[in-house]
Q: 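Below you'll find the structure I mean.
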Amino acid sequence: MKKGNLRIFCAAVACAGLVMAGCGGSTPAAKTGAAGGESTEAAAEQAAADQAAADHVAELIDAIYVQERTDKTDEQCAEAKKAWDALTDAQKALVHGENADPEYFGRDTGDASKDDPGNGDNIGEKEILAVSFGTSFNDSRTEDIGGIEKALAVAYPDWSVRRAFTAQIILNHIEARDGEKIDNMDQALQRAVDNGVKELVVQPTHLMHGAEYDELCASVDKVRDKFASVTVAEPLLGEVGEDKMVVNGDKEAVAKAVTAQAVKTAGSASLDAAASDGTAFVFMGHGTSHEAQITYDQMQAQMDALGYKNVFIGTVEGKPADTACEAVIGKVHDAGYRKVVLRPLMVVAGDHANNDMADADDPDSWLSQFQASGNFDRVDCQIEGMGRIPEIEEIYVSHTKAAMDGISASEAGSGNTAAPAALEDGTYTAAFTTDSAMFHVNDAMDGKGTLTVSGGKMTIHISLPSENIVNLYPGKAEEAQKNGAQLLAPTKDEVKYSDGTVETVNGFDVPVPAVGQEFDLALLGTKGKWYDHRVMVSDPVKQ
C-alpha cells in the first residue's frame, strides 16, 4: 500500500469508532446524550492512544533508517521490532513517519531463513569478500546476491566466501524485521583481519564503476596493510571508457545473457520473433550522476551493435537524460512497437524493480507511465535480478579469477627465490599483471604484452583498455610529480576485439628491471591525479 493511500486508510480507521458509536443509533449508548457523549469521548481517547502508539513506532523506524551504524544500532533495531509487534492491526496501519510506513515491517518479501548472511568466522587464510549494495527483499537477496556468492564458492572451494553490504539502511531493515545480521563493509574487513586472512579478493557485485564502487575501494585502502595481498576485482560491466560508443567483452556478455533470459521468460521463440510480434524489451537500470553514467549509453550501443533493434536501456534516475522514462517511451513508440516487456537492468530485483518499475498503484512507476502514455496495447513486467542468471554469475567468477591471478603473480615475485636467469636478446610475449583490477592490459591482449630484450635492457609494450591513462612513471607517484621526472608518453595502439571491432587505445613502453619480480609503476589519470601501483612481468615466451 502506498503512503498516499495509507493516509486515507488511517483516517478511516481513526474515525471508525466515532461513526459506529455516534451515527447509527444502534447502540444503547447512542440513545442518551450523556452515554453518547461518554462513548464519543472514549472513542476519541482510543483513537489518540492508537495514533500515539503508531507514532512511537514510526519514530523508532526513522531512528534506524540511517546510513551510519553506531553502538546502539542492535538495541534500536530490537526495540523497533518489539514495539511493532505490540501494535494491533489497526495501529500498524497508522504508522507513518519521514521514512516509516506499515510496509517496513509488514511487507512480505519472502522467507529470510533461506538466506545465508555470510558472516561466519573460521575463514582461513584466503577469502573472497562479495560486496553488494544490498536489498531487504528476502527472495531477491537469496536468489540474486546469494546466487553469485554460491557460484563463487563452487568455483573456488579453497577460498572462503563471505558477504558485506554497503547500505546500512538496508542492513538495519533486515536486522530489525527478520533478526538477520549481515556485516557492513567495515565489519566484514575487520572480521577478515581478526580471522588472520592473508589473501583477500574483494568481488563487488555492483553493476559498474560508480559511486558505490569508489566508496568500496576507499574502505579497502584503509586496511590494505593488514593483509599480505588485497585485490579488488572488476564489477559486472568492467571498465567504463570515456566514449558512449565504447563496448567491451563484459558488456557484450551481459547484453546477450539478460536479453536471452528476458526473451525466454516472455515465452518468445527468439528476439526476432518478439520483434515481428511488435514486442520491445526495456531494461531499467538505476542511473547515476557519477561520471560512470555513460555506461548506460554504452549498454545501448552494445545492444545496437548486436542487432537487438527492439531492446532499449532506461534508468530510474534518468541519468543520462536519454535514459529517462519519458525518453524511452518515445523511443519505443517511434520504433513502432505496441507491446512492451519491462525488466530491471539490475543485479538485484529489490525496491526499484518492485516499486519504481512494477507498482501498478503508483502513477510514477514505469508500468503506470507506459500504460498512461496510451501508446501500447500491452505492458508486462519481469521482476528478476541478473544475479540469478547463470551466465551473469560466470562473469563474476571470471572477474574473481583475474583478481586471483594478480595475487598469484604478485606472490611469485615476492618470495625468496633465486634471481631468474638473464634472457637472451630477442622479442618475447610475456604476462603483465598489476595489483589492481582498474589497471590492466587490454582485454584483447589476453593479459600479455611484447617484451623486448636488447643488450641486457628490457622493455615491455602494453596496450591499455582505453585512453584514460595519460602517462606512466617507472617509480612512485611522489617522484613522478617532481621537476625533471621522465614520464612515459603514450603511443596510439589499435586493438581488435573478438567481435571484429577495432579501437584506438593508449599503449606504453615500460622499462622492466627484472622478470618475475614486482616493481613500482605510477600512473596519471585524465583528472590529473597520480596513483601508485605494483606490477610484474612474468612467463616470457620467445617469439
Q: Is the closest side-chain heavy-atom distance between His206 and Val131 below 4.5 Å?
A: yes
Q: State, with a plain yes or no, whether a side-chain heavy atom of Leu207 is found less than 4.5 Å away from one of His286.
A: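 No; the side chains remain at least 4.5 Å from each other.
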Q: Would you say CD of Gln190 has more than 12 non-hydrogen atoms from neighbouring residues, nucleotides or ligands within 6.0 angstrom?
A: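 Count over threshold, so yes.
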Q: In terms of the angle between their ring planes, are Phe439 and His533 parallel, tilted or perpendicular, with boundaries placed at 30° and 60°?
A: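 Ring orientation of Phe439 relative to His533: tilted.
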Q: Evaluate the ring planes of Tyr104 and His173, with Trp represented by its six-membered ring, and classify them as parallel (under 30°), tilted (30 to 60°) or perpendicular (over 60°).
A: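 Ring orientation, 0 to 90° scale: parallel.
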Q: For a 4.5 angstrom cut-off between non-hydrogen side-chain atoms, does Asn471 reach Pro490?
A: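 The answer is yes, as the side chains (C-beta and beyond) meet within the 4.5 Å cut-off.
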Q: So which atom in Ala112 and which in Glu180 form the shortest heavy-atom distance, rounded to 0.1 Å?
A: O-OE1, 3.7 Å
Q: Near Lys496 NZ, under 6.0 Å, is it more than 12 heavy atoms from other residues, nucleotides or ligands?
A: no
Q: Who are the salt bridge (charged side-chain N to carboxylate O under 4.0 Å, His left out) partners of Lys319, not counting sequence neighbours?
A: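 Lys319 satisfies salt bridge (charged side-chain N to carboxylate O under 4.0 Å, His left out) with no residue once adjacent residues are dropped.
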Q: Could you go step by step and tell me if Val347 and Ile148 meet the side chain to side chain contact (heavy atoms under 4.5 Å, CB included) rule?
A: CA-CA 10 Å; Val347 176; Ile148 296 169; 3.6 Å; yes
Q: Can you confirm whether the side chains of Lys181 and Asn119 place a donor and an acceptor under 3.5 Å from each other?
A: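 Short answer, no.
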Q: Of all the heavy-atom pairs spanning Gln293 and Thr288, show the shortest one and how long it is.
A: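 For Gln293 versus Thr288, the nearest heavy atoms are NE2-O, 3.0 Å.
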Q: Taking the side chain as everything from C-beta on, heavy atoms only, tell me whether Met208 gets closer than 4.5 Å to Leu236.
A: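 Not touching, per the 4.5 Å side-chain cut-off.
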Q: Taking only residues two or more places apart in sequence, or in another chain, which ones meet Lys114 in a side-chain contact (heavy atoms from CB on, under 4.5 Å)?
A: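 In terms of side-chain contact (heavy atoms from CB on, under 4.5 Å), with neighbours along the sequence ignored, Lys114 is linked to Asp111, Thr142.
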Q: Do side-chain atoms of Asn138 reach the backbone of Gly110 as a donor and acceptor pair under 3.5 angstrom?
A: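 Answer holds: yes.
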Q: Output side-chain donor-acceptor pairs under 3.5 Å for residues 214-223, partner residues at least two apart or in another chain, one line each.
A:
unit_1 : atom_1 : unit_2 : atom_2 : d
Asp214 : OD2    : His290 : NE2    : 2.8
Ser219 : OG     : Glu215 : O      : 3.2
Asp221 : OD1    : Arg224 : NE     : 3.3
Asp221 : OD1    : Arg224 : NH2    : 3.0

Q: One pair to check against salt bridge (Lys or Arg N to Asp or Glu O under 4.0 Å): Glu384 and Arg388. What are the steps and the verdict?
A: CA-CA 8 Å; Glu384 296 179 355; Arg388 67 188 70 184; 5.0 Å; no
Q: Over all heavy atoms of both residues, which pair between Asp62 and Glu98 is shortest? Give the atoms and the distance, please.
A: OD2-N, 3.0 Å
Q: Under 3.5 Å, side chain of Ser140 to main-chain N/O of Val348, donor-acceptor pair present?
A: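 No, Ser140 side chain to Val348 backbone: no donor-acceptor pair under 3.5 Å.
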Q: Could you check whether Glu503 and Tyr497, counting side-chain N and O atoms only, form a donor-acceptor pair closer than 3.5 Å?
A: yes
Q: Would you mind reporting whether Val232 and Pro204 have side-chain heavy atoms less than 4.5 Å apart?
A: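 A side-chain contact exists here, since the closest heavy-atom pair is under 4.5 Å.
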Q: Side chains of Val397 and Glu394, heavy atoms from C-beta outward: is any pair under 4.5 Å?
A: yes
Q: Hey, what do you get for OG1 (Thr73) to CG (Asn184), rounding to the nearest 0.5 Å?
A: 9.0 Å
Q: In residues 480-488, what donor-acceptor pairs under 3.5 Å come from side-chain atoms, sequence neighbours left out?
A:
unit_1 : atom_1 : unit_2 : atom_2 : d
Gln481 : NE2    : Ala477 : O      : 3.1
Gln486 : NE2    : Gly484 : O      : 3.2

Q: A quick test of your reading: do over 12 heavy atoms of other residues, nucleotides or ligands sit less than 6.0 Å from NZ of Lys126?
A: yes
Q: In Å and rounded to the nearest 0.5 Å, what is the CG to CD1 distance from Asn354 to Ile383?
A: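 So the CG of Asn354 and the CD1 of Ile383 are separated by 4.5 Å.
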Q: Under a plain distance cut-off of 3.5 Å, with no hydrogens placed, do Asn172 and Arg177 share a side-chain donor-acceptor pair?
A: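 There is no such pair between these side chains.
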Q: Quick one: CG on Asp115 to CD1 on Ile145, what's the gap to the nearest 0.5 Å?
A: 8.0 Å
Q: Hey, mind stepping through Arg163 and Asp183 against salt bridge (Lys or Arg N to Asp or Glu O under 4.0 Å) and telling me if it holds?
A: CA-CA 7 Å; Arg163 171 192 289 178; Asp183 286 346; over 6 Å; no
Q: Output yes when a side-chain donor or acceptor of Asn195 lies under 3.5 Å from a complementary backbone atom of Asn122, and no otherwise.
A: yes
Q: If every non-hydrogen atom of Leu189 is compared with every non-hydrogen atom of Phe227, which pair is closest and at what distance?
A: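 It is O-CZ, 4.1 Å.
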Q: Which atoms form the tightest heavy-atom contact between Arg343 and Ala262, and what is the distance?
A: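 Taking every non-hydrogen atom into account, CD-CB, 3.7 Å.
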Q: Is there side-chain contact between Asp532 and Asp520, with at least one heavy-atom pair below 4.5 Å?
A: no
Q: Is a donor on one side and an acceptor on the other found under 3.5 Å between the side chain of Asp116 and the backbone of Gly118?
A: yes
Q: Closest heavy-atom contact between Ala255 and Tyr308?
A: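 Minimum heavy-atom contact is O-CE1, 4.0 Å.
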Q: Quick one, Thr231 with Val202, criterion side chain to side chain contact (heavy atoms under 4.5 Å, CB included). Give me CA distance, side-chain angles, the key distance, then yes/no.
A: CA-CA 6 Å; Thr231 306; Val202 179; over 6 Å; no
Q: Do any N or O atoms from the side chain of Tyr296 and from the backbone of Gly287 form a donor-acceptor pair under 3.5 angstrom?
A: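 Yes, because the side chain of Tyr296 sits within donor-acceptor range (under 3.5 Å) of the backbone of Gly287.
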Q: Assess the residue pair Arg107 and Phe137 against the criterion (side chain to side chain contact (heavy atoms under 4.5 Å, CB included)); give the C-alpha distance rounded to whole Å, side-chain angles, the decisive distance to 0.1 Å, and a yes or no.
A: CA-CA 9 Å; Arg107 184 169 189 169; Phe137 282 72; 3.9 Å; yes
Q: Determine yes or no for a side-chain-to-main-chain donor-acceptor pair under 3.5 angstrom, with Ser132 supplying the side chain and Gly134 the backbone.
A: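 Between the backbone of Gly134 and the side chain of Ser132 there is no qualifying donor-acceptor contact (under 3.5 Å).
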Q: Tell me, yes or no, whether the heavy-atom count around Lys542 atom NZ, taken from other residues, nucleotides or ligands under 6.0 Å, exceeds 12.
A: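 Yes.
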Q: Would you tell me whether Gln203 and Thr400 have side-chain atoms, one donor and one acceptor, within less than 3.5 Å of each other?
A: yes
Q: To the nearest 0.5 Å, how far apart are CD1 in Ile389 and CG in Asp144?
A: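 Answer rounded to 0.5 Å: 8.5 Å.
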Q: The test is side chain to side chain contact (heavy atoms under 4.5 Å, CB included); show your working for Tyr428 and Ile460 and say whether it passes.
A: CA-CA 9 Å; Tyr428 301 76; Ile460 188 168; over 6 Å; no
Q: Any chance CE of Met185 has more than 12 other-residue heavy atoms, nucleotides or ligands included, within less than 6.0 Å?
A: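 Count over threshold, so yes.
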Q: My understanding is that only residues two or more places apart in sequence, or in another chain, count here; which of them pass side-chain contact (heavy atoms from CB on, under 4.5 Å) with Asp509?
A: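 Thr459, His461, Thr491.
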Q: Any side-chain heavy atom of Lys401 sitting closer than 4.5 Å to one from Tyr156?
A: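 Yes - at least one pair of side-chain heavy atoms lies under 4.5 Å apart.
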Q: Just to verify, what does Glu127 make a side-chain contact (heavy atoms from CB on, under 4.5 Å) with, not counting sequence neighbours?
A: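 Ile123, Leu129, Arg162, Ala192, Val197, Leu200.
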Q: Atom NZ of Lys226 and atom CG of Asp194: how far apart are they, to the nearest 0.5 Å?
A: 10.0 Å
Q: Taking atom CG of Leu171 and atom CD of Gln187, what is their separation to the nearest 0.5 Å?
A: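 These two atoms lie 7.5 Å from each other.
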